[in-house]
Protein chains: 2
Amino acid sequence: MAIDAEELKGHLDGLLLAVLTGGPLHGYAVIEALKARSGGELALSEGTVYPALHRLEREGLLASEWSSESGRRRRVYSLTRRGERALGERRARWESFAGTIGAVLAA
Amino acid sequence: MAIDAEELKGHLDGLLLAVLTGGPLHGYAVIEALKARSGGELALSEGTVYPALHRLEREGLLASEWSSESGRRRRVYSLTRRGERALGERRARWESFAGTIGAVLAA
DNA sequence: GCACATTACCTCGTCATACAAGGCATTGCA
DNA sequence: TGCAATGCCTTGTATGACGAGGTAATGTGC
């Protein structure tokens, strides 16, 4: 079952940061990587991912560079130092969040 | 760390259904029960919970009754049969969601 | 008896955000 | 030559949690 838009809210940024720990990727490749890493569950649209990447760059968690390799115009994103730290916080927050929700749901 | 508004989106309904498996509760008590069961992490406001309870009742997952016991006017909510089924689905969805997000974040 | 916190309900407006829809340009393939 | 895929973008919409504000009764301390 594909993931619902509403349940994803607030959790997207961490996913984007996480997928970039494997090395820089351009936007389109980020979408594919998320799909691959989630077994197809995370089939995010461009209208979701591109604005989020812009936001993360604006916040200084990502840096981007235009690349004309292979003739095609691509914007390649990479994690900044601050982005790495933020990812650490995101992971901790997720553990806490998932623990809380899981506990209440199971009760 | 208290739970953020955005990350909770889409997950609240399941929590409300779950907290009512212990028996009927009125709205204010639902808020307290969630706080207690989450170790204080889920400190939800009335502006969050009351509309959600109304929505769930409108969807037929909860039923409510006015109670004047103790002189105080209270609306007591209980799970319907459909609500119980919906809770089962919510729990399954949560497992799937948490598994997917957790896997991508950890990768 | 009086002030004030607590219990208990409600609604309205605001904000953040995921997404659909639409547009543009290039490459590659049938 | 047409059409899919790659690759980028923006705008508008819907959703949903929350803050702020309102009402009223009960309980408590002085």
Side-chain angles (χ1 to χ4, degrees), chain A residues 2-17 24-36 38 41-59 61-62 64-77 90 97 100-101 104, chain B residues 2-17 24-36 38 41-59 61-62 64-77 90 97 100-101 104:
Chain A
I3 284 185
D4 185 73
E6 288 305 321
E7 25 182 50
L8 184 60
K9 282 191 179 170
H11 303 286
L12 174 60
D13 293 7
L15 300 178
L16 296 176
L17 297 175
L25 291 174
H26 61 276
Y28 205 81
V30 165
I31 293 175
E32 308 251 287
L34 282 174
K35 201 183 304 178
S38 64
E41 288 290 295
L42 282 167
L44 305 183
S45 74
E46 304 176 14
T48 296
V49 172
Y50 287 125
L53 290 172
H54 299 163
R55 186 175 63 231
L56 290 172
E57 183 172 21
R58 217 164 42 236
E59 292 168 6
L61 308 186
L62 296 182
S64 79
E65 235 179 26
W66 282 104
S67 144
S68 315
E69 240 177 276
S70 79
R72 224 176 211 123
R73 162 175 175 276
R74 291 166 168 166
R75 190 190 278 274
V76 177
Y77 291 90
R90 287 297 191 150
F97 174 79
T100 300
I101 304 299
V104 174
Chain B
I3 283 185
D4 186 73
E6 288 303 322
E7 15 181 64
L8 185 58
K9 283 193 178 169
H11 304 286
L12 174 61
D13 293 7
L15 300 177
L16 296 177
L17 297 175
L25 292 173
H26 62 276
Y28 204 82
V30 164
I31 294 175
E32 307 250 287
L34 283 174
K35 202 183 304 180
S38 64
E41 287 290 295
L42 282 167
L44 306 183
S45 74
E46 304 178 12
T48 295
V49 173
Y50 287 124
L53 290 172
H54 299 163
R55 186 174 63 232
L56 290 172
E57 183 172 22
R58 217 163 42 235
E59 292 168 6
L61 308 186
L62 295 182
S64 80
E65 235 179 26
W66 282 105
S67 143
S68 315
E69 240 177 276
S70 79
R72 226 178 209 119
R73 161 176 176 274
R74 292 167 167 165
R75 190 189 277 274
V76 178
Y77 291 89
R90 286 299 191 147
F97 174 79
T100 299
I101 304 299
V104 174

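None of these values were measured; they are calculated from a predicted model. For the numbers below, each heavy atom of this structure counts, side chains included, while hydrogens, waters and symmetry mates do not.
Note: CG (B/D13) to C1' (D/dG16) measures 10 Å, nearest angstrom. When rounded to the nearest whole Å, the span between CG of B/D4 and C1' of D/dA17 equals 10 Å. Across the protein-nucleic acid pair, B/H54 atom NE2 and C/dC12 atom P stand 12 Å apart, rounded to whole Å. Nucleotide C/dT6 holds its P atom 21 Å from the CZ atom of B/R73, rounded to whole Å. As a whole-Å value, the separation of B/L8 CG from D/dG19 C1' is 15 Å. The distance from atom CZ of A/R58 to atom C1' of C/dT17 is 12 Å, rounded to the nearest whole Å. Remark: C1' of C/dA18 and NE2 of A/H11 are 12 Å apart, rounded to the nearest angstrom. Summarising the geometry, the separation between CG on B/L25 and P on C/dT7 is reported as 15 Å, rounded to the nearest angstrom.
The side chain of A/W66 has D/dC9 as its nearest neighbour among D/dG19, D/dC9, C/dC10. If you check C/dT17, C/dC19, D/dC9 against the side chain of A/L44, the one that comes closest is C/dC19. Relative to the side chain of B/E6, the nucleotides C/dC19, D/dC9, C/dT17 differ in distance, and C/dT17 lies closest. Residue B/A5 has its side chain nearest to D/dA17 when only D/dA17, C/dA18, D/dC9 are considered. Listed nucleotides: D/dT6, C/dC10, D/dA17. Nearest to the side chain of A/Y28: D/dT6.
Residue B/E65 places its CD atom among 12 or fewer non-hydrogen atoms of other residues, nucleotides or ligands, all under 6.0 Å distant.
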Can you tabulate the close N/O pairs, meaning under 3.5 Å, that link protein atoms to atoms of nucleotides 24-26 of chain C?
unit_1, atom_1, unit_2, atom_2, d
C/dT26, O2, A/R72, NH2, 3.1

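Within the 4.0 Å cut-off from OP1 or OP2 of C/dA18, not a single side-chain nitrogen or oxygen of A/T48 is found. Contact annotation: B/Y50 side-chain N/O to C/dC9 OP1/OP2 distance is under 4.0 Å. Within the structure, a side-chain polar atom (N or O) of B/R55 is placed less than 4.0 Å from OP1 or OP2 of D/dA17.
Side-chain atoms of B/E57 come within 3.5 Å of backbone N or O of B/S64 as a donor-acceptor pair.
Contact annotation: the side chain of B/L16 never approaches that of B/L62 to less than 4.5 Å [non-hydrogen atoms, C-beta and beyond]. When side chains are defined from C-beta on, A/H26 does not count as touching A/R72, because their heavy atoms never get closer than 4.5 Å. A 4.5 Å side-chain heavy-atom check between A/L25 and A/E32 finds every atom pair outside the cut-off.
Separating the CD atom in A/E46 from the CD1 atom in A/I31 is a distance of 5.0 Å, to the nearest 0.5 Å. To the nearest 0.5 angstrom, B/I101 atom CD1 is 7.0 Å from A/H11 atom NE2.
For a distance-only test at 3.5 Å, the side chain of B/K9 fails to qualify as a donor-acceptor partner of the base of C/dT17. Contact of B/E46 with C/dC9 (side chain to base): a donor-acceptor pair of N or O atoms is detected under 3.5 Å.
Between A/Y50 and A/Y28, the shortest heavy-atom distance links the atoms OH-N, 3.7 Å.
When heavy atoms are screened at a 4.0 angstrom cut-off, A/G47 is found touching base atoms of the nucleic acid.
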